2 protein chains.
Amino acid sequence: MATLRRALVEPPLEDAARALQGLLTAHRWVVLWGRCRADYEGRGASSSGEGDVLVVVKEDRSVIVHGPRGFRPLNWQPSGAAVTASMREGLLELRAVRKSPRETLTLTCSRVYLLSGLEGAVEPEFHMYLSEAEIRDILASNPSLIEEGLRIVGVERPVDPGFVDMYGIDREGRLVVFEIKRVKAGESAARQLLRYVETLRSRGHARVRGVLLAPDFTESAIRLLEASGLEHARIDPRAIYEMAGRRRSVKRVRGLTEYLGKGSAPGRG
Amino acid sequence: MATLRRALVEPPLEDAARALQGLLTAHRWVVLWGRCRADYEGRGASSSGEGDVLVVVKEDRSVIVHGPRGFRPLNWQPSGAAVTASMREGLLELRAVRKSPRETLTLTCSRVYLLSGLEGAVEPEFHMYLSEAEIRDILASNPSLIEEGLRIVGVERPVDPGFVDMYGIDREGRLVVFEIKRVKAGESAARQLLRYVETLRSRGHARVRGVLLAPDFTESAIRLLEASGLEHARIDPRAIYEMAGRRRSVKRVRGLTEYLGKGSAPGRG
DNA sequence: AAGTAAATGTCGACG
DNA sequence: CGTCGACGTTTACTT
């Protein structure tokens, strides 16, 4: 079981700084609730006036700064940042620096409401269902869900440039390129498919078909497809979901989609 | 100054549930650190085994669930969710339900390390600089940053489908379509520009030029541009940034970019 | 409400 | 390390 390493309520800034330094050196998962200002410079640039923020520093040194409202963090730094704490002109300063791209996030706190760190946190095993990769695999194993007589001959194959989600040969022997979207497909999905089909046609596959597979389509996507001689076909999430039920679920190890049949590295850090 | 309304360390689950209910009814900003499992069902579906998570419920009822690693939350619910807490089979259950789309997030906690709420939090004033909109406006006001003799005749104009970032007439009287990216432009940006140019050409603008403006370009973007007779030009973020310094800053009111020219905020210091 | 594009997008995979 | 595409993307903006 994880243990709380500290829970300082309204500590003097010096105490907070010292505790924070200790927690950071020990690579703890840290939460700081305080009155701070934030400055960020990197790909973009931002600054904020003083306000109440919740700062989360995780074990992998990702930093997230939340305000009292809104889903998105006000500021952040992705994992791998160099995080340091210090006192500076009487204020607690927390800096998170990332290289490549070079980005700096600086928090300057005039007051700490709560500071706490957790040791030995257990990462929950996370299962995500019906990722695009899984949908693609299910369709590849059950091509009749798409059309009769279809044979899948390739999956996630590189074209220049990009990747075709799925290749097939239809009952008349024509090459079919599939682009799969797990949600409603917009114009950009259609553009992508068009691009692949054009590439293939320019390489002599005159009879290639292009099919956009999605549970739904925007009007402009359909217009673009029809104007370009491409097809679209609705896939039924329910049918896919039922197929998925018979497979093992997809496990999100560090990120999002790790799908079956491609044994990959556990690697962390 | 904001005040901590509670800071319960390792409370019994019943106490935590009671306190949590109170904090939620009072619409406080709440933090719960505990050993929980999470189940989500909605557009996607996910579940997790037990693990240590940090749950943040904000004043606007957005809910964010973070694990010990990674920038992205494991689960979340955007603002406006209906959040309730209760005891259920000896465990603390926190439910956040959103309608349209109907989505449910359920947290089931077997242990609470820390529970706390903050009252009277002050939202920091947030300023974001150099959004794409601002870059576009600066370029539109200073077309010589792009090329000599260029005259900008339109900005953010609808084409079917989509929007052209910027139109100009070059020194030879040709129509120029600009696509602007504030970061390195990839293939999809090139595809977007190509689409616009093709649309315009098909409408009789035979001599239209297409120019992708970005601080940098991926190799495949350049390939696609050159193969399609389109151009690309590097824009210097530094030069833009200096121009921006002379303008009033961009204020992020509720979301990300609210740019000038539309009755806006006082400048920053 | 639906569609479209931006984002400090982040994240993972692959060359 | 660059390039690429997915994402419960979220968010803002326009029709």
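The structure displayed is predicted, hence computed values, not measured ones. Note that these values count all heavy atoms, side chains included, but never hydrogens, waters or copies made by symmetry. A, B, ... follow the sequence lines: proteins, then strands. Residue 1 opens every chain.
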Nearest-Å distance for atom pair [atom1]/[atom2], residues [X] and [N]:
{"X": "A/Leu74", "N": "C/dA7", "atom1": "CG", "atom2": "P", "answer": "18 Å"}
{"X": "A/Arg223", "N": "C/dA2", "atom1": "CZ", "atom2": "C1'", "answer": "13 Å"}
{"X": "B/Arg195", "N": "C/dA5", "atom1": "CZ", "atom2": "P", "answer": "10 Å"}
{"X": "B/Leu225", "N": "D/dT3", "atom1": "CG", "atom2": "C1'", "answer": "15 Å"}
{"X": "B/Ile64", "N": "D/dT11", "atom1": "CD1", "atom2": "C1'", "answer": "14 Å"}
{"X": "B/Asp216", "N": "D/dT3", "atom1": "CG", "atom2": "C1'", "answer": "12 Å"}
{"X": "B/Gln192", "N": "C/dG3", "atom1": "CD", "atom2": "C1'", "answer": "14 Å"}
{"X": "B/Arg69", "N": "C/dT10", "atom1": "CZ", "atom2": "P", "answer": "18 Å"}

Exercise for the section: Could you tell me whether A/Tyr40 contacts a base, only the sugar-phosphate backbone, or nothing, with contacts defined as non-hydrogen atoms closer than 4.0 Å? Expected result: base
Exercise for the section: Identify whether any heavy atom of B/Glu219 sits under 4.0 Å from a base atom; if not, whether one sits that close to sugar-phosphate; answer base, sugar-phosphate or nothing. Expected result: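 Answer is sugar-phosphate: B/Glu219 comes under 4.0 Å of backbone atoms only.
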Exercise for the section: Output all residues satisfying side chain to side chain donor-acceptor pair (under 3.5 Å) with B/Glu231, sequence neighbours left out; order by chain, then residue number. Expected result: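 Once residues adjacent in sequence are excluded, the partners of B/Glu231 under the side chain to side chain donor-acceptor pair (under 3.5 Å) criterion are B/Arg209.
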Handout entry: Residues which pass side chain to side chain donor-acceptor pair (under 3.5 Å) with A/Arg201, listed by chain and number, not counting sequence neighbours
Key = none
Exercise for the section: Return the set of residues passing ring pair (Phe, Tyr, Trp, His ring centres under 6.0 Å) with B/Tyr167 (not counting sequence neighbours), or none when no residue passes. Expected result: none
Handout entry: Heavy-atom donor-acceptor pair, B/Gln77 side chain to B/Ala96 backbone, under 3.5 Å
Key = yes
Exercise for the section: Please report the shortest heavy-atom distance between A/Pro68 and B/Pro124, naming the atom on each side. Expected result: CD-CD, 4.1 Å
Handout entry: Of B/Gly70 and A/Ser46, the one whose closest DNA chain C nucleotide lies more 5'
Key =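 The residue closer to the strand's 5' end, by nearest nucleotide, is A/Ser46.
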Fill in the blank from the handout: Hits for side-chain contact (heavy atoms from CB on, under 4.5 Å) against A/Val183, two or more places apart or cross-chain, chain-then-number order -> none
Would you say [N] has OP1 or OP2 under 4.0 Å from some side-chain N or O of [X]?
{"X": "A/Arg72", "N": "C/dT8", "result": "yes"}
{"X": "B/Tyr196", "N": "C/dA5", "result": "yes"}
{"X": "A/Lys184", "N": "C/dA2", "result": "no"}
{"X": "B/Trp76", "N": "D/dG8", "result": "no"}
{"X": "A/Arg43", "N": "C/dG9", "result": "yes"}

Exercise for the section: Could you tell me the separation between the CD atom of A/Glu198 and the CG atom of A/Leu193, rounded to the nearest 0.5 Å? Expected result: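 Result: 10.0 Å between the selected atoms.
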Handout entry: Partners passing salt bridge (charged side-chain N to carboxylate O under 4.0 Å, His left out) against A/Arg98 (at least two apart in sequence or in another chain)
Key = A/Glu103
Exercise for the section: Looking only at side-chain atoms of B/Arg182, point me to the closest of D/dT11, C/dA7, D/dG5. Expected result: C/dA7
Practice task
Choose from C/dT8, D/dG8, C/dC11 the nucleotide whose nearest atom is closest to any side-chain atom of B/Glu103.
Solution key: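 Out of C/dT8, D/dG8, C/dC11, the nucleotide with an atom closest to B/Glu103's side chain is D/dG8.
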Practice task
Answer yes or no: side-chain N or O of A/Glu179 and base N or O of D/dG5 forming a donor-acceptor pair under 3.5 Å.
Solution key: no
Completion exercise
Stems for DNA chain D (at least 3 consecutive Watson-Crick or G-U pairs, under 3.5 Å) come to C:1-7 with D:9-15, C:9-15 with D:1-7
